[in-house]
Amino acid sequence: MTRTSGEDPETCDIARALDSPVAAAFVRIVMTCRGVTEARARQLYLDYLNRTDPDAFHPHSADGGRDGPSVERCAG
């Protein structure tokens with residue numbers, strides 16, 4: 001992808017991070033296990049990449065970031 005002077009570098013970095021088979025698999029698994037939207041699952045992936053606490057308060061989440069069962073419960 002070629003960057004033009006009008007594109008936001010952070011937007012390009014986010015798009016690049018989400019454009020991988022690993023990101024797609026993570027999003028699908030989180031959507032299934034936690035029952036969240038694709039947008040929330042993508043945000044969780046970006047939080048993971050940035051090493052932020054996914055269970056911390058998330059201002060855009062109605063329940064403060066605690067949506068659905070944990071991934072550990074889904075595995076069984």
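Heads up: numbering here begins at 1 and tracks the sequence.
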*Asks:* To the nearest 0.5 Å, how far apart are CZ in R42 and CE in M31?
*Replies:* 9.5 Å
*Asks:* Run the side chain to side chain contact (heavy atoms under 4.5 Å, CB included) test against A24 and tell me which residues pass, sequence neighbours left out.
*Replies:* R28
*Asks:* Using a strict cut-off of less than 4.0 Å between a Lys/Arg side-chain nitrogen and an Asp/Glu carboxylate oxygen, indicate whether R16 and D19 qualify as a salt bridge.
*Replies:* no
*Asks:* If the condition is side chain to side chain contact (heavy atoms under 4.5 Å, CB included), which residues does A23 pass it with, not counting sequence neighbours?
*Replies:* S20, Y45
*Asks:* State, with a plain yes or no, whether a side-chain heavy atom of L44 is found less than 4.5 Å away from one of V27.
*Replies:* no
*Asks:* Enter the distance from Q43:CD to I14:CD1 here, rounded to the nearest 0.5 Å.
*Replies:* 8.0 Å
